[in-house]
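A short worksheet on the structure shown next.
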Amino acid sequence: MVGINSDRTAPIGIYDSGVGGLTVWNALQTLLPHERVIYYGDTAHVPYGDRPAGDIIKFSQKIIGFLSAQGVKLVIAACNTSSALALPQLVAETDLPLLGMIEPAVRAALTLTKNGRIGLMATVGTVRSRAHASFLRALEPQAVLASQACPRLVPLIEAGCRSGQTLVAAVEEYLEPLLKAGVDCIILGCTHYPLIYEVIRSVAGPVRLIDPAKAVVMQVAEKLTELRLCNETGSGRNKVYVSAGPERFKQVALQLLANQDLVGEVHAAPGYML
Ligand code: DGL
């Protein structure tokens, strides 16, 4: 069991398999600008999407152990695949407040949908877990979820691809069944997908797209308030760690993000995952 850190100025830990979690960090910076972050991108193991649940649990446990040793006060699993496959076990194993992507996404979709038909784009692992479907069933049994696994998207995004025919063709293929199912909103159920928002937008037409990052950060704000852990001074430093290829990560992150100030020096996590 890891103890809770009661230092308000302690950073928030954010982790993902790669650059996707930076979309959640972006939202955090906008909504909670005084909070500092330690970001962990598990680039040695990206993509998570096709891996067995046992691997995802093991990787996530190690990352949370690492972040905890860095003295974070709260952790955001800014990875839907980890949230879907590992979160209940991870929450049971740590005293650190640990928040994931799935429930806030489903709640946001329920607020937005008019016809009760909700689409989900996600990794193979997230779709197979049926995590969104079970939250949806619990919250609104009448609503229908149409899910589509999109395995080609994360490798393209990690390679820095944001436009072009290959990407557009993949998005068209993945969106077709969702559009045929008559969904009126689509959850971007992988934190990488908001990085290609414009491409998805152009194919999805009038269907509303839901980036759950904002809803997740609202939940973080509530949790910090409840625990009296809000950083009001803005003191502390951001840090980025990756488990492989720090230079490559930095290059892609700078290419993909609007707010380039987020990414300073990128450190190799000290032989941790390799
Ligand atoms: N960005 C992650 C997610 O939200 C992981 C994607 C992957 O590594 O396949 O699911």
Side-chain angles (χ1 to χ4, degrees), residues 13-28 39-64 75-87 90 98-106 108-109 119-133 135 147-162 167 170-171 174 186-197 200 209-217 219-220 240-245 248-249 252-253 256-257 273:
I14 299 182
Y15 75 89
D16 179 44
S17 60
V19 292
L22 295 173
T23 59
V24 177
W25 188 359
N26 238 344
L28 186 90
Y39 185 91
Y40 193 110
D42 191 8
T43 41
H45 298 118
V46 70
Y48 275 9
D50 306 332
R51 290 179 181 271
D55 283 2
I56 306 300
I57 292 170
K58 195 174 66 190
F59 300 152
S60 307
Q61 284 169 328
K62 287 194 174 174
I63 296 167
I64 291 168
V75 174
I76 308 174
C79 171
N80 290 262
T81 313
S82 174
S83 302
L85 295 171
L87 202 68
L90 299 171
L98 174 58
L99 302 176
M101 304 297 299
I102 312 295
E103 187 188 346
V106 171
L120 170 68
M121 295 172 75
T123 65
V124 171
T126 300
V127 169
R128 278 204 194 125
S129 75
R130 303 187 52 74
H132 292 84
F135 271 113
S147 303
Q148 179 62 45
C150 310
R152 298 209 299 282
L153 298 186
V154 168
L156 285 168
I157 296 165
E158 283 288 325
C161 179
R162 274 215 287 186
L167 186 62
V171 169
Y174 294 141
I186 295 175
I187 298 171
L188 303 181
C190 169
T191 50
H192 281 72
Y193 301 164
L195 293 167
I196 53 161
Y197 188 91
I200 301 175
L209 300 182
I210 300 167
D211 173 1
K214 192 173 166 194
V216 171
V217 173
Q219 212 179 56
V220 169
V240 178
Y241 290 92
V242 293
S243 53
R248 173 85 189 126
F249 180 93
V252 174
L256 291 175
L257 284 175
M273 313 289 286

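In listed order, ligands and their atoms are each counted from 1. Here the structure is a predicted model, which is why all the values come from computation and not from measurement.
- Looking at Tyr197 and Asp211, their side chains never bring a donor and an acceptor atom within 3.5 Å of each other.
- The shortest N/O to N/O separation between Gly49 and ligand 1 falls below 3.5 Å.
- Compare Thr81, Ile157, Leu153, Leu85 by their heavy atoms: the one nearest to atom 10 (O) of ligand 1 is in Thr81.
- Within a 6.0 Å sphere centred on CZ of Arg128, heavy atoms belonging to other residues, nucleotides or ligands number 12 at most.
- Close approach of ligand 1 to Ser17 (heavy-atom distance below 4.0 Å) involves ligand atoms 5 (C), 6 (C), 7 (C), 8 (O).
- One distance of note links CG of Leu195 with CG of Leu188; it measures 10.5 Å at 0.5 Å rounding.
- Contact of the Val154 side chain with the Cys190 side chain is registered, since non-hydrogen atoms from C-beta on lie closer than 4.5 Å.
- Side-chain atoms of His132 and Asn80, non-hydrogen and from C-beta on, do get closer than 4.5 Å to each other.
- Ranking the protein heavy atoms by distance from atom 7 (C) of ligand 1 puts Tyr48 N, 3.2 Å first.
- Between Thr126 and ligand 1, no pair of N/O atoms sits closer than 3.5 Å.
- Note that the CZ atom of Phe249 and the CG atom of Leu22 stand 4.5 Å from one another [nearest 0.5 Å].
- Shown are Asp42, Thr123, Thr81; of these, the side chain to side chain donor-acceptor pair (under 3.5 Å) with Tyr48 is made only by Asp42.
- Within the 4.0 Å heavy-atom criterion, the part of Asp16 lying near ligand 1 is the side chain and not the backbone.
- The protein heavy-atom contact nearest to atom 4 (O) of ligand 1 is Asn80 N, 2.7 Å.
- At a heavy-atom cutoff of 4.0 Å, ligand 1 is contacted by both the backbone and the side chain of Cys190.
- Ligand 1 lies less than 4.0 angstrom from a heavy atom belonging to Cys79.
- Distances between N or O atoms of Thr123 and those of ligand 1 include no value under 3.5 Å.
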